[in-house]
Amino acid sequence: MNGYRTHTCGELRASDINKEAKLAGWIHRKRNLGNLCFVDLRDHYGITQCVFDSHSDLFERIEAIRVESVISISGEVVQRESVNKNIPTGDIEIKVKTLEVYSEADILPVQVASEGGEPEELRLKYRFLDLRKDRIHKNILLRSKVIQRSRELMREQGFTEYQTPILTASSPEGARDFLVPSRLNPGKFYALPQAPQQFKQLLMVSGFDKYFQIAPCFRDEDPRADRSPGEFYQMDMEMSFATQDDVFAVIEHTLGTIFNEFANGKTVDQAPYIHIPFREAMLKYGSDKPDLRNPLFMIDASSLFGDSGFGVYDSMVKEGKVVKAMLVKGIASKPRSFFDKLDGYAKEEDMGGVTYIAWAEGTTKGISRMMSAEKIEEIKQALNAEDGDAILFVVGKGMKFDKFSGRLRNKVGEELGLIDENSFKMCWIVDFPFYEENDETGAVEFSHNPFSMPQGGMDALLNKNPLDILAYQYDFVCNGVELLSGAVRNHQPEIMYKAFEIAGYDNSVVDNKFGGMISAFKFGAPPHAGSAYGVDRLVMLLLDEPIIRDVILFPLNGKAQDLMMQAPNVVTQQQLDELHIQVVKD
RNA sequence: GGGGGCGUAGUUCAGCUGGUUAGAAUACAUGCCUGUCACGCAUGGGGUCGCGAGUUCGAGCCUCGUCGCUCCCGCCA
């Protein structure tokens with residue numbers, strides 16, 4: 001121990017009574033009783049109560065210093081007259097004999113000792129105060145532990161961590177890049193990596209086999225509550241001579257272990273996790289990231305309509321639209337307003353409406369009025385409905401309709417309190433379509449990324465309808481959060497050229513945009529696959545934090561500004577001149 | 001780029017149908033208090049009601065504009 005302290009503020013116990021101790025830290029709280037002053041001294045490790053007596057000449061000095069000042073005190077560890085069971089050091093206190101003041105605190109713009117709801121702007125401007133708060137402090141520590149455990153688990157499975165460049169080339173697909181001007185190359189720019197995607201694939205071509213990296217990724221897109229602007233971290237991994245199942249096994253071990261170790265009392269789904277094909281997920285859950293804590297799901301009930309007697313649906317089904325039916329147990333006795341509210345929600349979303357049949361006390365309610373007894377019974381059988389249940393119906397077609405049905409499922413699940421908040425429910429979403437149709441132009445476009453391998457390879461590209469081709473592309477979803485994305489990569493230049501050709505790009509475009517990688521694939525590339533999970537989102541999930549900024553040390557605000565460091569900011573004319581940059585005013 | 005919500009003391013908030021001197025808690029300052037642990041009690045300072053215009057005898061409150069924050073859609077291969 002050095003001269004500042006002999007113990008930390010979380011360390012002393014009843015067994016230390018009668019010892020001399022010196023502690024250093026921040027004044028967390030001060031309770032001045034006039035002739036007796038209690039100081040809660042706080043450091044990274046905990047809080048210890050220190051007592052100043054008015055007989056001491058230190059009394060006036062401690063009275064005068066504000067909370068959050070940094071001091072050290074020394075004195076005898078003594079038994080408390082009344083113990084505090086709420087803190088680990090609550091059996092003892094220190095009778096202060098010496099006091100040193102290292103740094104006096106001004107009047108605080110945010111209060112550290114209480115968990116107040118200060119505005120983001122203030123919290124971010126004084127982030128160093130915000131980070132002193134117990135909750136945020138603990139969040140950051142857990143984040144560190146999760147990252148450390150990720151590293152350990154990957155290493156245990158034979159993976160090696162490598163560093164890939166931060167200054168790299170702008171990539172034409174995907175998110176907007178952050179650009180960095182090149183001083184030595186006037187008029188040219190680096191880009192910060194959106195992900196180490198091409199580098200990790202090049203590592204496979206370079207023979208490194210099992211790669212991982214806790215990788216910073218940069219994307220210049222608008223933020224969300226669960227999406228920090230600018231930068232975020234991924235646990236990025238890639239492996240050679242590997243299939244989709246090999247990646248799943250590694251991730252299920254890594255993420256599965258982390259969830260089990262950090263679940264904090266919640267129940268955790270155990271691997272292997274279920275696989276849900278993309279199209280099934282869109283039909284059943286109306287989402288490619290279904291929250292499986294919600295027991296509700298939908299089925300395609302179109303075949304029950306056409307001659308049902310409910311004319312609107314009958315004719316819409318004949319036009320090729322899809323009727324989705326969702327069985328909800330035990331809500332038949334809900335008032336009319338419950339169903340009307342859902343219907344109103346659908347109309348707000350410009351999605352027609354929500355209809356229902358409810359079996360309540362020997363009668364049926366809803367659109368059953370227009371149907372024969374046989375039809376009503378047929379529907380009841382088809383969905384395994386029982387008396388007291390209701391079936392909700394929506395009708396429509398396409399991706400927008402599917403997504404709406406998913407929001408409806410979430411809404412009903414939330415309103416009825418069906419979601420088990422104390423569990424982690426996982427699944428793999430697999431078999432994403434390789435291409436999709438652009439809603440406006442009708443053009444065929446890559447639906448995820450152009451680097452994944454089409455299922456069926458070249459044969460599928462040559463012989464199948466592009467919109468029917470599936471990719472070896474997968475997501476890992478937990479509680480409705482897309483935690484991970486990955487793919488078996490396309491390592492064959494011919495298939496790459498063909499895949500781009502179908503999307504309307506000729507070979508020169510591929511050579512130009514992905515020159516480094518495509519040329520590498522011409523010199524012996526192993527089949528490879530990988531994935532990456534979002535570290536920030538993983539920590540958010542484990543901590544049940546709805547705001548991503550609360551799991552990041554120094555986050556940017558919604559306008560991608562650092563209010564504490566005042567970034568971004570103007571630079572000198574000389575700096576601009578060196579970079580050959582001219583700022584144009586609007 | 002589009003939509004919703006919010007903006008009142010350092011901070012968190014209240015403020016009735018538009019009505020006279022805008023309140024509370026906390027923080028801050030001063031005083032009292034020897035067993036508190038969100039210590040207590042008393043006193044005090046602290047306000048461009050985001051900003052600008054309009055309606056009105058009168059605006060924190062209504063209208064319009066504007067700025068800021070925040071959430072959502074777009075976007076995020």
Side-chain angles (χ1 to χ4, degrees), chain A residues 28-42 47-56 59 63-64 66-68 78-87 89-90 93 95 105-126 129 171-177 193-195 197-198 217-230 232 348-350 400 403-404 407 432 434-436 439-440 445-452 471 473 482 485-487 489 499-500 503 513-514 532 534 537 546-549 557-559 561 563:
Chain A
H28 186 66
R29 279 207 175 88
K30 218 166 54 166
R31 292 176 294 281
N32 187 351
L33 276 63
N35 285 310
L36 192 64
C37 184
F38 296 98
V39 167
D40 288 340
L41 195 65
R42 182 195 75 237
I47 288 178
T48 300
Q49 176 166 286
C50 310
V51 200
F52 291 76
D53 196 287
S54 63
H55 302 311
S56 156
F59 195 81
E63 264 190 317
R66 270 188 288 267
V67 292
E68 293 305 316
V78 298
Q79 172 86 47
R80 282 206 201 184
E81 287 189 19
S82 57
V83 302
N84 182 347
K85 292 197 173 67
N86 298 322
I87 54 174
T89 62
E93 64 191 8
K95 265 183 93 122
D106 214 333
I107 296 171
L108 298 170
V110 300
Q111 288 168 50
V112 174
S114 61
E115 188 63 54
E118 289 92 358
E120 286 289 328
E121 199 178 353
L122 213 60
R123 290 182 53 197
L124 294 180
K125 185 172 177 190
Y126 298 99
L129 292 178
S171 86
E173 299 285 326
R176 198 176 289 115
D177 283 316
Q194 296 180 23
Q197 183 65 34
Q198 293 192 57
C217 305
F218 306 88
R219 295 178 191 176
D220 188 5
E221 295 293 347
D222 289 356
R224 286 287 184 277
D226 65 348
R227 201 169 76 202
S228 194
F232 61 98
E348 253 172 54
E349 299 268 315
D350 204 19
K400 245 179 97 179
K403 286 186 177 174
F404 157 72
R407 288 197 297 277
F432 278 84
F434 195 73
Y435 296 105
E436 65 188 11
D439 283 341
E440 284 159 23
E445 297 175 344
F446 288 109
S447 66
H448 265 69
N449 81 52
F451 306 122
S452 61
Q473 167 91 37
E482 182 194 315
S485 229
R489 318 297 174 185
F500 273 87
K513 286 179 173 176
F514 309 109
R537 281 199 186 160
I547 307 290
I548 200 162
R549 289 184 291 273
N557 73 358
K559 281 214 168 146
Q561 299 161 331
L563 298 174

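Every heavy atom of this structure was used, including side-chain atoms; hydrogens, water molecules and symmetry mates were not. Convention: sequence-line order gives letters A, B, ...; per-chain numbering from 1.
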Assign A:Glu93 to base, sugar-phosphate, or nothing according to its heavy-atom contacts below 4.0 angstrom with the strands shown.
base
Among B:G35, B:C28, B:U70, find the nucleotide with the atom closest to the side chain of A:Val67.
B:C28
Quick check for you: among B:C75, B:C76, B:A29, whose closest atom lies nearest to any side-chain atom of A:Arg224?
B:C75
Below 4.0 Å: OP1/OP2 of B:G10 and any side-chain N or O of A:Arg66
no
If B:C6 has a Watson-Crick or G-U wobble mate with both distances under 3.5 Å, name it; if not, just say none.
B:G68
Roughly how many Å apart are B:G15 and B:A59, using the C1' atom of each and rounding to a whole number?
14 Å
Side chain proximity check, A:Val112 to A:Val67, heavy atoms < 4.5 angstrom:
no
Presence of donor-acceptor pair under 3.5 Å, side chain of A:Gln111 and base of B:U12
no
B:C37, B:U34, B:U70: which one has an atom nearest the side-chain heavy atoms of A:Asp53?
B:U34
Do A:Val39 and A:His28 make a side-chain contact, defined as non-hydrogen atoms from C-beta onward lying under 4.5 Å apart?
no
Using a 4.0 Å heavy-atom cut-off, does A:Ile87 contact any base of the nucleic acid, only the sugar-phosphate backbone, or nothing at all?
nothing
For B:A14 and B:C37, measure between their P atoms and round to the nearest Å.
29 Å
For A:Ile107, report the nucleic acid contact type (base, sugar-phosphate, nothing); a contact means any heavy atom under 4.0 Å.
sugar-phosphate
Any strand: nucleotide that pairs with B:G47 via Watson-Crick or wobble, under 3.5 Å
none
Using a 4.0 Å heavy-atom cut-off, does A:Arg29 contact any base of the nucleic acid, only the sugar-phosphate backbone, or nothing at all?
sugar-phosphate
Separation of B:C71 C1' from A:Lys559 NZ (nearest whole Å)
15 Å
A:Arg123 CZ to B:G68 P, straight-line distance once rounded to whole Å:
22 Å
With the side chain of A:Ala225 defined as its heavy atoms from C-beta on, choose the nearest nucleotide among B:C72, B:C28, B:C37.
B:C72
For A:Val83, report the nucleic acid contact type (base, sugar-phosphate, nothing); a contact means any heavy atom under 4.0 Å.
base
Taking atom P in both B:C67 and B:G52, what distance in whole Å separates the two?
15 Å
Atom P, compared across B:U11 and B:A27: separation rounded to whole Å:
15 Å
Base, sugar-phosphate alone, or nothing: which one does A:His55 contact when heavy atoms must sit under 4.0 Å apart?
base
How many whole angstroms separate atom CD of A:Glu63 from atom P of B:C33?
11 Å
Distance check, P atoms only: B:U20 and B:C49, in whole angstrom units.
16 Å
Distance in angstrom units between A:Leu563 CG and B:G68 C1', rounded:
11 Å
Taking C-beta and beyond as the side chain, do A:Asp220 and A:Asp177 meet within less than 4.5 Å on heavy atoms?
no
Please state the P separation for the pair B:U36 and B:C72 - nearest whole angstrom.
46 Å
C1' atom, B:U55 versus B:C62: distance in rounded Å?
8 Å
A:Lys30 vs A:Glu68, test: salt bridge (charged side-chain N to carboxylate O under 4.0 Å, His left out). Steps then yes/no.
CA-CA 10 Å; A:Lys30 218 166 54 166; A:Glu68 293 305 316; over 6 Å; no
Would you kindly give the CG-to-P distance between A:Asn32 and B:C39, to the nearest whole Å?
12 Å
Length of the CG-C1' vector between A:Leu129 and B:U11, whole Å:
13 Å
Between A:Phe232 and A:Phe218, is the gap from one ring center to the other below 6.0 Å?
no
Does any donor atom in the side chain of A:Arg31 or A:Gln49 lie under 3.5 Å from an acceptor atom in the other side chain?
yes
Using a heavy-atom cut-off of 4.0 Å across all strands, would you classify A:Arg407 as base, sugar-phosphate, or nothing?
nothing
What's the CG-P distance between A:Asp40 and B:U36, to the nearest Å?
14 Å
Among B:C71, B:C33, B:U36, which is the nearest nucleotide to the side chain of A:Asn35?
B:C33
When the nearest nucleotide of RNA chain B is assigned to A:Val51 and to A:Arg537 on a heavy-atom basis, which residue is associated with the more 5' position?
A:Val51
A:Lys30 NZ to B:A27 P, straight-line distance once rounded to whole Å
12 Å
Map A:Arg227 and A:Ile547 onto RNA chain B by nearest heavy atom, then report which one ends up closer to the 5' terminus.
A:Ile547
Both distances below 3.5 Å, Watson-Crick or wobble geometry, any strand: find the nucleotide opposite B:A53.
B:U63
A:Phe38 and A:Glu93, any side-chain heavy atoms less than 4.5 Å apart
yes
Please name the nucleotide paired to B:A14 by Watson-Crick or G-U wobble geometry with both distances under 3.5 Å, or report none.
none
Rounding to an integer number of angstrom, what distance separates B:G23 and B:G60 when you compare their P atoms?
14 Å
Out of B:U26, B:C76, B:U34, which nucleotide sits closest to the side chain of A:Leu36?
B:U34
Output the single nucleotide from B:U34, B:U36, B:C76 whose closest atom is nearest the side chain of A:Arg31.
B:U36
The Watson-Crick or G-U wobble partner of B:C41, with both key distances under 3.5 Å, is B:G31
Check every atom of B:C76, B:U11, B:U36 against the side chain of A:Ser82 and return the nucleotide holding the closest atom.
B:U36
Would you check if the side chain of A:Arg176 reaches a backbone N or O of A:Glu221 as a donor-acceptor pair within less than 3.5 Å?
no
